[in-house]
Amino acid sequence: MNDIAKAPPIACTLDTGSFKDRIAWIAALNGRSLTSSWRSDLALTLEYRPAALDDIRELVHGEQACCAFLDFDLDERADKLILTITAPETARDAADVLFEQFEAKSAATISSCGCAPGCAA
């Protein structure tokens with residue numbers, strides 16, 4: 001079996017209501033704790049205040065369940081938390097929309113489903 005056949009589908013598994021709730025939760029977290037963000041090609045790096053550790057862990061856990069095609073790497077430092085989210089090459093066309101949800105500080109700024117074509121939202 002080749003790597004493409006083993007790769008998880010580029011699609012979100014959340015229904016519309018759950019997706020909207022998730023986006024609102026992420027936006028609220030960002031409003032409280034996101035201090036900066038930057039993107040390099042297929043990787044988005046988010047920097048959070050250290051007090052947000054439990055929420056960031058919850059974010060990663062939840063996103064791994066609904067968007068298994070994304071890779072999450074959390075670097076826990078004393079003065080900040082650095083979360084890097086990497087999309088696979090197969091998600092390049094949807095990367096802007098994918099990453100939009102993780103940078104938003106308001107759910108109203110999300111224009112569509114952040115998980116790519118085929119998302120139930």
Taking only distance into account, with no hydrogens and no angle test, what donor-acceptor pairs under 3.5 Å do side-chain atoms of residues 27-34 form with protein atoms, sequence neighbours excluded?
unit_1, atom_1, unit_2, atom_2, d
N30, OD1, Y48, OH, 2.8
N30, ND2, F102, O, 3.0
N30, ND2, A104, O, 2.7
R32, NH1, A28, O, 3.4
R32, NH2, D55, OD2, 3.0

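Contact of the E103 side chain with the W38 side chain is not registered, since no non-hydrogen atoms from C-beta on lie closer than 4.5 Å.
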Item checked: Worked check of side-chain contact (heavy atoms from CB on, under 4.5 Å) between F69 and Q64 -> CA-CA 8 Å; F69 60 92; Q64 287 174 326; over 6 Å; no

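Residues satisfying the side-chain contact (heavy atoms from CB on, under 4.5 Å) test with R57, not counting sequence neighbours, are L53, D54, L74, E76. Listed by chain and residue number, K80 satisfy the salt bridge (Lys or Arg N to Asp or Glu O under 4.0 Å) test with E47 (two or more places apart in sequence, or in another chain).
Under the 4.5 Å side-chain contact rule for hydrophobic residues, I82 and L59 do not share a cluster. Connection of L42 to I85 is not established within any shared hydrophobic cluster, with ILVMFWY side chains joined at heavy-atom distances below 4.5 Å, either directly or through further cluster members.
A side chain to side chain contact (heavy atoms under 4.5 Å, CB included) with T84 holds for exactly one of T45, L46, D75; it is T45.
Distance check: E58 CD to I26 CD1 gives 10.0 Å after rounding to the nearest 0.5 Å. The CD atom of E100 lies 11.5 Å from the CG atom of L44; values are rounded to the nearest 0.5 Å.
Shown here for A87 and L98, the closest heavy-atom pair between the two residues is CB-CD1, 4.3 Å.
For D79 and R49, the salt-bridge test fails: no basic side-chain N is under 4.0 Å from an acidic carboxylate O. For the pair E63 and R22, the salt-bridge criterion is met [side-chain N within less than 4.0 Å of a carboxylate O].
Taking a 6.0 Å sphere around CG of D21, one finds it holds more than 12 heavy atoms contributed by other residues, nucleotides or ligands.
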